[in-house]
> 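I'd like to ask you about the structure that follows.
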Amino acid sequence: MLFSELGLGSEVLRAVEEVGYTTPTPIQEKAIPWVLQGRDVLGCAQTGTGKTASFTLPMIEILGRGRAKARMPRSLILEPTRELAAQVAENFELYGKYHKLNMALLIGGESFGDQIKKLERGVDVLIATPGRMMDLFDRGNILLTDIKVLVIDEADRMLDMGFIPDIERIVSLLPRKRQTLFFSATMPPEIKRLADKFLTTPEEVTVSAPASTATTVAQHLLVVNEQDKREALRRLIATDDVKNAFIFCNRKKDIAVVHGSLVKHGFNAGALHGDMVQSKRTETLEAFKAGSIDLLVCSDVAARGIDISDVSHVFNFDTPHHSEDYVHRIGRTGRAGKLGRAFTIATPEDGKLVQAIEKLIGKEIARFTIEGIETAELSFDADPRRRGRGAPKKDEPRRSGRDRGERTERAPRVERPAHVHVEPEAAEAAIEAHQHKRERHEPRHDRNRDRSEPRQDTRPEGRGEFRRDEHRRDEYRRDRDDRRDRRPRRDEDDDRGPPVVGFGDDVPAFILRAARPPKVSAVEIETVDGVEA
DNA sequence: AAAAAAT
């Protein structure tokens, strides 16, 4: 099957061809003809299946005929996150190259002025997150009476995020006579009910998960104690052949800590979460895409749908609380037929979470160990939250630390699969190669230094005053993050770290990331290359 | 338990 057989016009086909595609993905093949016929479509598909193009291509075709009037958009696409909305907008730009379609991206965190200006000029395609869309509607900047096509994307995630009331309200404002395309990765009853409500005699299009992750992503699990997590992460990044990676944390405050720690240790890392100013979010994601940042420490804002084709690794610094999130997170690697690798770092109290994940993916995640870092055992207490920093339940005596320890010991033991030992020399070579690669990121003037001499780091380890500075920096960070957490609403997160004295406002970037990754002796990894494909 | 989204 070729794109040219789907009924798309020559301009769209030319744009698709120029991007380099000739054959549609299954969902594109099934959905595009229905959309072109004006039918409603209920699509059960995840991101990574080519879902976006399955609606953008035929929409460009449909909207190509006709013109938009001021403030009366002709189509509306709703997305759960700003990044996804921006990604869909990019898709329209890419494939709508030979059409004169006006498009507006309505997302929060950006100025109203530009968005309103665009609406005034008349837009064919409106791509929005629900909050900003409703805001603009309530201000009278949008008339929804001319909407011909509605797309609800990632409906199950909209449900998770509590957007459904907004969506219902928005849909109630649209004309009854319209074409609706509804996409969801899963179809829980609540979603099914919505689909029935919004769609008229839809064509159902279902595609299986994108190569069901297991085929292209090798998965590993490391169980360590809380205090060893950061070192474990650094060792992993330095030892495995990491080109670039998403590093997922469960909490925003931990993102700051992990990001700060990586930067301090000389890694080229950026941070992304929903409380950062939008400009920073966009900038960081672009830098990661472009390769000027290797490591992206992020929250689940980036777990779903973010499509960067060439990511070598995903690290779960924290085990995700929802097992579906695990699948989405690791799905950021191993895309477009490439191989990827996912490492999850768990602590003993994550036992239940690991169990839930393994149940969902239908297999055990291969355990591995890192030499020199103590491997812990998963615990399967009834309520792991009570054991950690969580408060004890009402009407229950506070447990002492010793009590908690005993409970851990009584937990069932897990069988660990056999390990394959990686020879220290091999590990050394891998680290050497990794550090070599990093050197390409060095600023120009630094490249010509004499390599026969050991490098004089800008902030050498072990020099008292620098040590103190680093401690102060950590303290500063923790303090700053605490202050932020107490604020009712964060509006800025520039992650600049503490001021570096002596450079005024212009601290050279290399000062902030001059240190090299640590030397690692050896790492034991479970069948790294032979992991089941 | 937390993250996402409007200010």
Side-chain angles (χ1 to χ4, degrees), chain A residues 47 77-87 105-113 115-116 127-142 152-170 185 226 246-258 271-278 281-282 285 296-306 316-326 328-329 332 346-347 349-353 356-357 381 383-393 481 484-485 487-493:
Chain A
T47 42
I77 300 170
L78 294 170
E79 294 288 335
T81 69
R82 298 172 185 174
E83 277 72 17
L84 281 175
Q87 205 165 274
L105 178 61
L106 308 184
I107 58 176
E110 281 175 2
S111 79
F112 283 90
Q115 294 179 2
I116 291 171
I127 303 162
T129 45
R132 179 57 67 98
M133 153 95 214
M134 297 237 298
D135 200 346
L136 284 163
F137 178 83
D138 290 337
R139 288 159 185 248
N141 294 109
I142 313 172
I152 296 171
D153 200 10
E154 305 258 326
D156 49 352
R157 193 169 183 207
M158 300 255 200
L159 177 71
D160 287 348
M161 290 167 65
F163 282 165
I164 296 305
D166 291 353
I167 302 293
E168 292 194 288
R169 171 160 180 240
I170 292 170
E226 184 69 38
F246 283 99
I247 299 168
F248 286 99
C249 298
N250 287 355
R251 299 176 203 78
K252 285 179 280 204
K253 53 187 282 194
D254 293 338
I255 293 175
V257 175
V258 172
L272 180 73
H273 63 70
D275 278 355
M276 290 165 47
V277 285
Q278 188 56 36
R281 280 167 69 164
T282 311
L285 197 59
L296 188 63
V297 188
C298 55
S299 67
D300 282 320
V301 71
R304 302 199 194 193
I306 300 291
N316 287 317
F317 182 76
D318 298 309
T319 308
H321 287 287
H322 291 300
S323 39
E324 319 88 74
D325 286 336
Y326 174 84
H328 290 294
R329 286 179 180 186
R332 295 316 100 207
T347 57
E349 52 270 33
D350 293 331
K352 286 267 172 195
L353 301 177
I357 291 166
D381 269 357
D383 187 357
R385 266 165 298 173
R386 257 188 290 155
R387 299 181 47 258
R389 24 189 138 142
K393 252 191 189 167
D481 290 331
R484 281 201 183 131
D485 280 341
R487 277 204 310 237
R489 169 93 202 164
R490 268 183 229 181
D491 52 15
E492 180 128 5
D493 187 339

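As the structure is a computational prediction, the values presented were derived from the model and not from experiment. The figures that follow rest on heavy atoms only: side chains count, while hydrogens, waters and symmetry mates do not. Residue numbering restarts at 1 for every chain, and letters A, B, ... go by the order of the sequence lines.
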> Any idea which of B:dT7, B:dA4, B:dA2 is nearest the A:Arg82 side chain?
B:dT7
> Whole Å only: how far is the CD atom of A:Glu83 from the C1' atom of B:dA5?
11 Å
> One pair to check against side-chain contact (heavy atoms from CB on, under 4.5 Å): A:Ile142 and A:Leu106. What are the steps and the verdict?
CA-CA 11 Å; A:Ile142 313 172; A:Leu106 308 184; 3.8 Å; yes
> Output yes when at least one side-chain N/O atom of A:Lys252 is less than 4.0 Å from OP1 or OP2 of B:dA4, else no.
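Looking at the OP1 and OP2 atoms of B:dA4, one of them is under 4.0 Å from a side-chain N or O of A:Lys252.
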> Between B:dA2, B:dT7, B:dA4, spot the one nearest the side chain of A:Val301, thanks.
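Between B:dA2, B:dT7, B:dA4, the one nearest the side chain of A:Val301 would be B:dA4.
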> With the side chain of A:Thr129 defined as its heavy atoms from C-beta on, choose the nearest nucleotide among B:dA4, B:dA1, B:dA6.
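From the listed options, B:dA6 comes nearest.
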> Between P on B:dA3 and CZ on A:Arg329, what's the gap in Å once rounded to a whole number?
10 Å
> Starting at the 5' end of DNA chain B and moving along, which residue's nearest nucleotide shows up first, A:Asn250 or A:Met133?
A:Asn250
> Can you tell me how far the CZ atom of A:Arg157 sits from the CD atom of A:Glu79, to the nearest 0.5 Å?
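One finds 10.0 Å between CZ of A:Arg157 and CD of A:Glu79.
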> Rounded to the nearest 0.5 Å, how far apart are NE2 of A:His322 and CG of A:Asn250?
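A:His322 NE2 to A:Asn250 CG: 10.0 Å, rounded to 0.5 Å.
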> Within the 4.0 Å heavy-atom criterion, would you say A:Arg304 contacts the bases, only the backbone, or no part of the nucleic acid?
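If one applies the 4.0 Å heavy-atom cut-off, A:Arg304 turns out to touch nothing in the nucleic acid.
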> At 4.0 Å (heavy atoms only), tell me whether A:Asp325 reaches a base, stays on the sugar-phosphate, or touches nothing.
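Counting heavy atoms under 4.0 Å across all strands, no contact is made by A:Asp325.
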> Report the distance from atom CG of A:Asp318 to atom P of B:dA3, rounded to the nearest whole Å.
10 Å
> State whether A:Asp138 and A:Arg169 are salt-bridged, where the test is any N-O pair (Lys NZ or Arg NE/NH1/NH2 against Asp/Glu carboxylate O) under 4.0 Å.
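Counted as a salt bridge, because a side-chain N and a carboxylate O are separated by less than 4.0 Å.
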> Starting from P on B:dA2, measure out to CZ on A:Arg157 and report it in whole angstrom.
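So the CZ-P distance, A:Arg157 to B:dA2, works out to 18 Å.
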> Need one value for A:Gly109: base, sugar-phosphate or nothing, where a base atom within 4.0 Å counts as base even if backbone is also close, heavy atoms only.
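Counting heavy atoms under 4.0 Å across all strands, the contact made by A:Gly109 is with sugar-phosphate only.
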> I need the CG-C1' distance between A:Asp275 and B:dA5, as an integer number of Å.
11 Å
> How close or far is atom P of B:dA5 from atom CE of A:Met276, stated in whole angstroms?
12 Å
> When you measure from the side chain of A:His322, which nucleotide among B:dA6, B:dA3, B:dA2 comes out closest?
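Nearest to the side-chain atoms of A:His322, counting from C-beta on, is B:dA2.
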> How long is the gap from CG on A:Asp318 to OG on A:Ser299, to the nearest 0.5 Å?
11.5 Å
> Rounded to the Å, how far apart are A:Asp166 CG and B:dT7 P?
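Checked: the CG to P distance equals 13 Å.
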> Out of B:dA2, B:dA4, B:dT7, which has the shortest distance to the side chain of A:Thr81?
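Taking heavy atoms from C-beta onward, the closest nucleotide is B:dA4.
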> Return the value, rounded to whole Å, for the distance between atom CZ of A:Phe248 and atom P of B:dA4.
12 Å
> Looking only at side-chain N and O atoms, does A:Arg132 come under 4.0 Å of OP1 or OP2 in B:dT7?
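Affirmative; the distance criterion is met.
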